[in-house]
Structure formats: C-alpha cells, structure tokens
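A short write-up of the structure that comes next.
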Amino acid sequence: MRSDARTAALDGRVRKGFRPLLPQPIADARRNLHFFTRVSFLFASYKSFQAQTRVQAWITRADQAAIDAAWSKQHDWGGRALYRLACDLKGYHLKGCQWLGSRPDIAPPEFVLHLSKLQDRCPPLALSEVEAVIDSETGSRLAEAFSEFDEEPLGSASIAQVHSARLPPAGLLRRRKKVAVKVQRPGARYVMLRDLAMVKTFLCHPAVRRSFAWDPAVIMQQVEGETRMEFDFEAEASAMDSAARVLNRWRGGLLNPRGWLRGGGRVAVPRSIAGMVTPRLLVMERLDGLTLSRLAVASGPAVPQAVSSGAAAASRDRLGRQERRVARRMLRSLGEAYGQMLFEDGFGGIHADPHPGNILLAPSLVGVRVGLVDWGQTKTFDLSARLRLARLTLALSSYGDADGRNRSDALLQAFVGLGVEWDSTKPESLQHAAAAATAIEWFDTRPVPSPFSSDPTSSNYPMNSLGEITAFPVELVYLVRCTQILRALGDHAGVEWSLADAASAPARRLLRRHGGRAQNWDYTSTRL
C-alpha cells in the first residue's frame, strides 16, 4: 500500500475515480522537482566523470583498455539510475528509456542491458480500470461486449495496454472471432504531455544544449506533435487499416499462389473491427506469435553489444545458423514492407516505432510469419516527399557499385535534394564523402563506409566530419529514428542487411508512375 501511494504521489494522475494524494498543482511541482533533481545529478555526474577521466588518463598515461573499463562502470551506474527513474516516474520517461534500451547502436551496452528490461513490461492496469474504459467508450459492460476476455494483458505500455478477447458469436457459423483489445490508460495523455514539456525544458537548457549537434527544441516539437496523435485510436485504426490493405495487396491474396506460398516471408498487419473503435478503445484482429522482446528473454540473457565488427561477430557466435536465417528473413520482410507502405499508393507512410515489443514472430507453413503491431506512431508523407525519398533509396541501393564516382554523385544529389544543408570549412572532397556516409547512417541499415564510424562519440562519426547541420526537413525525423531502430535489430542479431536494397523495387515503381513530379517538391527545411 505504501509503495502504491508513493507511486501515485509521483505520478499525480488525473482520472475519474482517482484522487491524488496532493492537489494537482502541488503534485505536478513535486513530479517536476523529482525529475529535474535526478536527471540533473545524472548529467552532472557524467560531465564530472568525463573531465576526471581525461585528467587521470593524462597524468597516469592510462591505456585505452583501462579507460574503457572505467567508462563501463560509469555506464552501468548510469543505466541503473535511468532504469529506476523510468520505473518511478513512468509516463514519457518510461517510453523514452524503452526507446533508448532498443538502440545498441547509440547507447552504451550497459544502458541497453538495464533499459531493455522495460520493453513490454509496464505495470498493468487493474481490471476495474479496464472495465471502466470499455464501459464509457462502448456503452456496454465488458461481459456484453466480449464473450471471453483474458484478464492478463498481452502487453502493457506507457499509453495503453492490450488484452486478448473473443467477440460474441456472429455469422452463420456463430464464430467467435479472436481479437486484441487496446485500452488507453486513464490520465496518460495529461502525464505524457506534461513529461514532454519537462524533458524539453531540460534539453534546451544552455548547459545541456551544448552537448547536442542539433537544436533539441526542433526535434522535441516534432516528437510532441506525433505523441499527441498517439492518443487518438481512431486515427491509429485508420493508418493501420490503410497499411494492411497495401501489404495484403502485395502479398497476393488467396488466389495468387506466389502470394500465399511466400506469405511466411511477408508482414502481417491487424485490421480494426468495425464499430469497435473510439478515441480511447481499439479492437482489432489478434495476430498470433511472440514479440521479439519476449523471445529474447525466453532464449536466455544476452548482453547487447555496441555497434562494431567485433560486436557483430559476438552476436553471430550467440546465434545459431537457424536463428540467423530467421533474423535475416525477418529483416528482409520488414524492409520490403516498409518500402511498400512508403512507396506504393494507398498509405504513403511508415510505422515509426518498430521496436522489439511491436514485432511478432509466429511459425508458418513456409517458415516464420512476421507481424507488426501498435500503430500509434505513424508518419505519412505527401507525394513529392515520397518521390524524393524514392530517388534517395535507389541511390543508396546502388551506392558502392562498380562505377563508384557516378553513384557517389547521385547519392549526394539525392541527399541534398531532401533539403539538408550544412556549414563546413573542411575540404570539399571530405564533405562529399561525409555527406554520403551521413545519408547511409540516417536512411539505410548497412554499415557506414570506412573510415567513418557509426559511434556518435567517435571523431569519425559522419556528422562530425560533415560539419554543422544548418537545415533539415523536420518531417523526416521519425523516418531517421525508424531506420536507426531497424539498424539496431540487425546489429544485435549480427546480420548485415540493407533497408534501401529491400525497398528499392517499390521505390522504382513509384518513380515510373510519378517520376516527372519529383522536380517540383517544395520541401520545407527547418533551420537548426
């Protein structure tokens, strides 16, 4: 009881039937103070440790192994601190730490080890709260809306949780359809948006801002807009149904043997149930399978590695031949699906949050079926933007072919054509090479070319060699984020693959249909 009271006091949720222990303004102030105190201490500790390590390394002439060992201990402490912060405050802090825990390409392995435990492991809502939401949204009691309802949630996240259920008997066969019921957490919108404001304030403080290459205010503005949309389940159902129609069209359907024979290699997307979608309740088809995050736990603990050739080799050692084959097929299927969703007409967007908790794997007749769930974060693009991205995809796919110079020029032109601008005094040849490497880092999943590195802390990170980014189309932030998550999946599995290669066929079809309009894209780049 005392633990619940403490959590409620830190949360300060506002919802029907719940009275905070403190008046709302005081509860908000306490939560803000709690966040700023802990995250400021964490930030100051890292800055202090960084300076201390540099001085000690200079005095003692410590080798790189000793420095790495010291940083490993610091990161282990930092990962535990962030884990406790996410568990205590929940809200957007939990969601942000979940994202960081799925990014071994940018986060220290110690961070990923602790924060990956947060995937799909939010404390569940009480059944009474779930019943109250269903009652208020449908006007029917839970027992009337569903013939069966599993009290144990399939997954619980910071915005909603999902339960397995069956609809009442319907049709001539009186079939009870299996469905997944997504219920929005009461008060989650208030808490999430308030947390976003706190995070934005912290990141935009001058002492913190200097640690980033981009202006955090610009990025957080985009994140805030997309987060608000996550609370509209009707919009989510519309995006999910549009994506399902596009992918089902390219799977071929039951009358196309090639489609259903290759169905195990395609991506399944659930459809919403007509008449059972409201802003806070979404009933959809149930996809069978286990999430990647739960499969990882079931297969035994494995410490995620940082991105490097050695880490890829370690991942290959951990995975057997069969596991690598499944991982390679899964990634290829996801890449093809993303190309179809973005470049085929009918949706024109992406699922922007393909973390391991949102990817399902299930056995099929011809291998493994991949499922993509939780469509709260999507991003759609107009035709002009899709045409520019299609040109970039083909340039990325062909980069490194025999006629290297021409391919490099095509990639540079496509990258600049997106609206990316930078300011640098470095030699032009280095700028062009760094721009190509940055395009690969942002929009493809293959390793960046030598001598560049994917480690953001390295002096050979492409953006560090490119110079200061002065303009960038903010609408592409979620596409870059999505690409990085897909890259992390391949890095952790030890599978080298290319998203651009997988998406090249639909990109080429889009350019054949509408290629003449690509020159007229009036893109909007935000000054950073």
Side-chain angles (χ1 to χ4, degrees), residues 43 47 50 103 105-106 200-225 307 379 381 384-385 387-389 391-393 395-396 399-400 404-444 446-484 487 500 518-528:
F43 178 78
K47 285 297 182 181
Q50 184 182 45
R103 296 295 307 278
D105 56 321
I106 64 171
K200 183 177 179 180
T201 300
F202 175 76
L203 293 178
C204 293
H205 188 279
V208 181
R209 166 67 184 86
R210 288 192 293 269
S211 301
F212 296 93
W214 291 0
D215 183 1
V218 175
I219 307 302
M220 291 304 297
Q221 182 180 0
Q222 177 77 6
V223 171
E224 183 178 2
V307 177
K379 184 65 180 177
F381 303 90
S384 297
L387 287 167
R388 295 284 177 171
L389 289 170
R391 291 188 183 277
L392 178 68
T393 298
L396 286 167
Y399 183 74
R405 177 62 183 174
N406 292 335
R407 302 298 185 183
S408 178
D409 290 345
L411 178 55
L412 179 63
Q413 292 174 8
F415 184 57
V416 173
L418 292 178
V420 180
E421 299 177 12
W422 63 88
D423 184 20
S424 177
T425 59
K426 298 180 179 180
E428 185 175 292
S429 58
L430 177 59
Q431 291 186 46
H432 289 181
T438 301
I440 294 173
E441 173 70 14
W442 285 353
F443 299 105
D444 200 3
R446 72 179 70 186
V448 295
S450 179
F452 299 103
S453 168
S454 292
D455 182 2
T457 63
S458 170
S459 60
N460 290 329
Y461 188 60
M463 280 184 61
N464 296 335
S465 301
L466 182 61
E468 181 183 0
I469 303 295
T470 57
F472 181 79
V474 180
E475 66 173 356
L476 298 181
V477 166
Y478 268 73
L479 179 58
V480 174
R481 173 181 181 269
C482 172
T483 304
Q484 299 307 308
R487 177 197 294 274
Q519 303 300 327
N520 301 319
W521 180 26
D522 183 20
Y523 55 80
T524 301
S525 293
T526 300
R527 295 289 166 181
L528 300 178

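Remember, it's a predicted structure, so these values are computed and weren't measured experimentally.
T438 is linked by a side chain to side chain contact (heavy atoms under 4.5 Å, CB included) to F415, W442, P462, M463, L466, counting only residues two or more places apart in sequence or in another chain. In this structure, the side chain to side chain contact (heavy atoms under 4.5 Å, CB included) partners of A433, at least two apart in sequence or on a different chain, are F452. For the side-chain hydrogen bond (donor to acceptor under 3.5 Å, both in side chains) test, no residue two or more places apart in sequence or in another chain qualifies with Q50. Residues that satisfy the side-chain hydrogen bond (donor to acceptor under 3.5 Å, both in side chains) test with K47, not counting sequence neighbours, are S211. Not counting sequence neighbours, the partners of A500 by the side chain to side chain contact (heavy atoms under 4.5 Å, CB included) test are T393, L396, S397, D444, S498. The side chain to side chain contact (heavy atoms under 4.5 Å, CB included) search around S424 returns W422, K426, Q431, not counting sequence neighbours.
Between the side chain of R209 and the main chain of L203, no donor-acceptor pair closer than 3.5 Å is present. Judged by distance alone, the side chain of Q484 and the main-chain N or O of E441 form a donor-acceptor pair under 3.5 Å.
Atoms OH and OG1, on Y478 and T483 in that order, are 14.0 Å from each other to the nearest 0.5 Å. Within the model, atoms CD1 of I469 and CG of D423 stand 10.0 Å from one another, a figure rounded to the nearest 0.5 Å. Rounding to the nearest 0.5 angstrom, the gap separating the CD atom in Q413 from the CG atom in L392 is 12.0 Å. The distance from the CG atom of L418 to the CZ atom of R388 is 8.0 Å, given to the nearest 0.5 Å. One distance of note links CG of L411 with NE2 of H432; it measures 11.5 Å at 0.5 Å rounding.
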- Item | Steps toward side chain to side chain contact (heavy atoms under 4.5 Å, CB included) verdict (L389, L476) | CA-CA 10 Å; L389 289 170; L476 298 181; 4.1 Å; yes
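Closest heavy-atom contact between A436 and Y399: CB-OH, 3.9 Å. Nearest heavy atoms, R487 versus R446: NH1-O, 3.0 Å.
Between P473 and V420 there is a side-chain heavy-atom pair separated by less than 4.5 Å.
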